[in-house]
Amino acid sequence: MADYVMTIDSDSEDHVVTKPTSSKPEIEDALNPEFIFDVSGDPYIDFVGHGEPNDLVKQGTKPDPISVDEIIARRRLKNKRKRDTGVDIGSDDSSNEDLLDDDDDADDDDVENSGNEENSSEEDDDPLCTSDEEVNTDFQETEEAYSSSDDSEPETQAVKDRKAAFFDSETGPRDVHHSFLTMNLSRPILKALTTLGFHKPTPIQAATIPVALLGKDVVGGAVTGSGKTAAFIIPILERLLYRDKGKNAAATRCVILVPTRELAVQCFDVGTKLAAHTDIRLCLIVGGLSIKSQEVALRSRPDIIIATPGRLIDHIHNSPSFTLDTLDVLVLDEADRMLSDGFADELAEIVKSCPTSRQTMLFSATMTDSVDELVKMSLNKPVRLFVDPKKSTARGLVQEFVRVRAGKESERSALLTALCKRTFKSNVIIFLRSKKLAHQMRIVFSLLGMKCEELHGDLSQEQRLKALQLFRDGSVDFLMATDLASRGLDIKGVETVINYDMPGQLAQYLHRVGRTARAGRKGRSVTLVGEADRKMLKAAIKHGSGEDQVRHRIVPPEVVSKWAEKLDDLKDEVSAVLCDEKEEKHLRKAEMELKKGENMIEHEAEIYSRPARTWFQSGKEKLTAEAISKQQYEDGFVAGGKKQGKKPLDDTKPKRDKFSGLSRRAKRRKMIMEEDAEVGDQKTLNAAIRSAKKTARPSKIGVPEKRTIKPKETRKARKVTSRTGGAFERDMDQKPGRREGLRANKNDAIGGIGKKGGKRKK
Ligand SMILES: Nc1ncnc2c1ncn2[C@@H]1O[C@H](COP(=O)(O)OP(=O)(O)OP(=O)(O)O)[C@@H](O)[C@H]1O
């Protein structure tokens, strides 16, 4: 979690990320039907202007990040000099040179990335550079070996009834929309959609947009890469077009929360493009960017904030005049992740600051409809919109599995290298279980002359953005990543996702492999499966989009053992690079401390005159939350905090009872659920239904609710929780009948609520 609360110590940066969009009136012939959307568009280039991620992050006192490539280049130069001067450099270095020579040849090859294809004749001389894996297309052997049984638990009647009481009975819009034109969207939005090349809504967009326009709460799920981002941004923008634009009416009306900064940048980019022909302003609030410039941006009350939770809370607590009191829409993208333990406290803190009358929308490819999870968000009769079979892979994805036999676990690196040297040579994301491993493999790949970057939480924001950008624009072929990159990232042209190890949870697996085969394209995932991963393999196959989309890849053992030998030879070199890196880090840290000290002396008065920033948790709580989040990144997670990461077996420990470790509330809930499941206890069931109904509040935009305000009610008393209508309702009630979805009748009292509404009507 440290990443989300990183504080910027530079004052010099004044890069404001608010994106005011044109407020010019629409010109009809500005629509160019001949326009072809450049699908290779890069959100990072768009965002940073000229593709310079350095602009994005602070230009402060921190030293430049250490580059592994620089260290390797320096070491090579040193070795070359030694050789030139006749000093014996030892066998390790010469073997590396050989490896690099091989690589150069391989790089020149015209490579077919399909697993079935053979490589060009140039590679035939070297058995290590030939793609001759046997692909078992019917996958019989593995399927039988890991014979599947249905492990998903069927819903009990009690659970079904509970869901029926909690969710809206609707399961989607009545009309099926095959075009954006039938959705009553405004011209500026339609124009932006045309510019983006979105000619037809994806299923999740067709289902979500009409429902969200009515102001209803939504819980949505659809496979990875199916356009969920636009599904929630389009209705938000459409509704915002009808906001109050009068003097002093500027207000922050929407917050979109995402779990990582990279995803926030991407979402901001999509929002900015869709809002290009409107006057709606968006603002990016994430860790790693200048707090000061964000404060300035927030003071202008942007309409939409796209944020990571930590930095948003920082502003709620520390930025004077910033509140979420005027919020109308709260969106959680990757909602199952946001509802998991790692974000629980932060999410609760944010929800507490939002008006209860807001519209809430939750989306994820692995969305849960577990009422226990969703009650945290105090949803109001949410509509369930699940357009794909729950938890499935994208249709264009072919899943391959490579078996790692018992006792051969140490060969994973050799397998990975063999796969990347021989078959999957570019546009590959490789997921590894830890930051350390990702970094080490990156060094190995670089030593082998393969163009590679890494993306994980140990890097600075600058390094993270740079790595992503280099991978996006094709400057590097491989991206070594942890689960930081597993969710939401939309990188065009990713052909292959390789899982160095099988993730602990199905959701994690689906998100990882979902980085390819996006938006109807084809892609391939290759997962190294150990003996301990059988259960997950079964689940992955079961949740695949089709039986014919699963393959068993076999890498010839002689190839693996040759690569294992080569990697063994590289060990010393890898350690040397790590050592150099460590030294450099220490040196830079010392330089930084020195600079910090100088700054303190020079600007002491100003620094101490600043009000201390506060955080909603104590230092200890924050550390615990950080540890949980870190663990979740590395081990995987399950919404609701039921961690299922592989636990080391310890027979000496006494067996814990099934309720131990749970809070009293969680324990009680679990007991009730078990009772329900066993005997269908009607009493308990009725209580659950009653409690679910109690949370229902018919105060959404399309269902205006009469309310009386006592004449002497103070402003403070009405603040946040007492509101029954958001700014949207107020704004839209002033223009009855202007939009479809506005169902306020002339006689409804809502327009006359309070002085504001009453005055403005007509
Ligand atoms: N209507 C559309 N027509 C064509 N392409 C679209 C449409 N909507 C979205 N896309 C494209 O689909 C791709 C995936 O979209 P997006 O990132 O929103 O998917 P997602 O469902 O949020 O994926 P994930 O679950 O991985 O977060 C993007 O490149 C986007 O430009």
Side-chain angles (χ1 to χ4, degrees), residues 36-44 46 177-183 185 189-190 192-209 218 220-237 256-260 262-274 276 306 331-338 361-368 385-388 390-397 429 431 472 481 483-494 497 507-523 525:
I36 296 170
F37 173 55
D38 173 15
V39 281
S40 63
D42 184 330
Y44 289 85
D46 292 335
H177 294 273
H178 297 291
S179 162
F180 287 115
L181 297 174
T182 59
M183 290 179 173
L185 296 171
I189 311 272
L190 290 173
L193 288 168
T194 312
T195 311
L196 283 170
F198 293 3
H199 301 299
K200 176 172 158 240
T202 63
I204 186 68
Q205 291 163 359
T208 306
I209 296 170
V218 170
V223 292
T224 49
S226 57
K228 293 186 284 294
T229 317
F232 58 75
I233 292 184
I234 292 168
I236 288 177
L237 295 176
I256 299 169
L257 285 177
V258 295
T260 64
E262 286 74 11
L263 200 45
V265 171
Q266 189 177 290
C267 193
F268 176 81
D269 180 72
V270 175
T272 307
K273 282 178 179 161
L274 285 170
I306 295 157
V331 178
L332 301 194
D333 194 11
E334 305 301 342
D336 54 335
R337 172 76 179 122
M338 304 292 286
M361 295 194 270
L362 314 182
F363 289 90
S364 173
T366 48
M367 192 59 217
T368 171
L385 302 172
F386 290 91
V387 299
D388 291 304
K390 255 191 223 169
K391 295 191 175 177
S392 68
T393 58
R395 264 175 286 280
L397 181 80
I429 301 186
F431 283 104
R472 274 179 193 277
D483 278 303
L484 176 75
S486 67
R487 280 177 175 262
L489 289 187
D490 185 51
I491 305 173
K492 302 252 155 45
V494 175
V497 167
Q508 222 173 338
Y509 173 82
L510 295 174
H511 285 285
R512 282 183 180 189
V513 300
R515 294 317 99 210
T516 184
R518 298 175 69 75
R521 295 185 189 91
K522 296 212 176 310
S525 70

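It should be emphasised that the depicted structure is a prediction, and the values quoted were computed from it without experimental measurement. Indexing begins at 1, ligand by ligand and atom by atom, following the structure's order.
- Looking at Arg487 against ligand 1, nothing comes within 4.0 Å, counting heavy atoms.
- Contact check for Glu262 versus Leu489: side-chain heavy atoms found under the 4.5 Å cut-off.
- Judged by the shortest distance from any of its heavy atoms, Gly514 lies outside the 4.0 Å radius around the atoms of ligand 1.
- Of all the atoms in ligand 1, the ones that sit under 4.0 Å from a non-hydrogen atom of Thr229 are 16 (P), 17 (O), 18 (O), 22 (O).
- Each of the atoms 27 (O) of ligand 1 lies under 4.0 Å from some heavy atom of Glu334.
- Residue contact check: Arg515 has heavy atoms under 4.0 Å from atoms 26 (O) of ligand 1.
- Proximity to Arg518 (heavy-atom distance under 4.0 Å) selects the following atoms of ligand 1: 14 (C), 16 (P), 17 (O), 19 (O), 20 (P), 23 (O), 24 (P), 26 (O).
- When atom types are taken as modelled, the side chain of Thr182 and the backbone of His178 share no donor-acceptor pair closer than 3.5 angstrom.
- Against a heavy-atom cut-off of under 4.0 Å, Lys492 is close to the following atoms of ligand 1: 29 (O).
- For the residue pair Ser364 and Ala335, the shortest heavy atom distance occurs at CB-N, 3.8 Å.
- Side-chain polar atoms of Thr366 and Asp336 form a donor-acceptor pair below 3.5 angstrom.
- For Leu263 against Arg487, the heavy-atom pair with the smallest separation is CD2-O, 3.8 Å.
- With values rounded to the nearest 0.5 angstrom, Met183 atom CE is found 10.0 Å from Leu190 atom CG.
- Here the closest heavy-atom approach between residue Phe180 and residue Lys200 is recorded as CE1-C, 3.6 Å.
- Ligand 1 lies nowhere less than 4.0 angstrom from a heavy atom belonging to Ala222.
- Not a single heavy atom of His511 sits less than 4.0 Å from an atom of ligand 1.
- Both the backbone and the side chain of Lys228 come within contact range of ligand 1, each with a heavy atom under 4.0 Å.
- Remark: Arg518 pairs with Asp490 by the salt bridge (charged side-chain N to carboxylate O under 4.0 Å, His left out) rule, at least two apart or across chains.
- Ligand 1 places these atoms under 4.0 Å from at least one heavy atom of Ser226: 19 (O), 20 (P), 21 (O).
- When heavy-atom distances to ligand 1 are checked against a 4.0 Å cut-off, Asp490 comes that close only through its side chain, counted from C-beta outward.
- Checking Phe363, Phe198, Phe180 against atom 2 (C) of ligand 1, the nearest heavy atom belongs to Phe198.
- Looking at every heavy atom in both residues, Pro235 comes nearest to Ala230 through CD-O, 4.1 Å.
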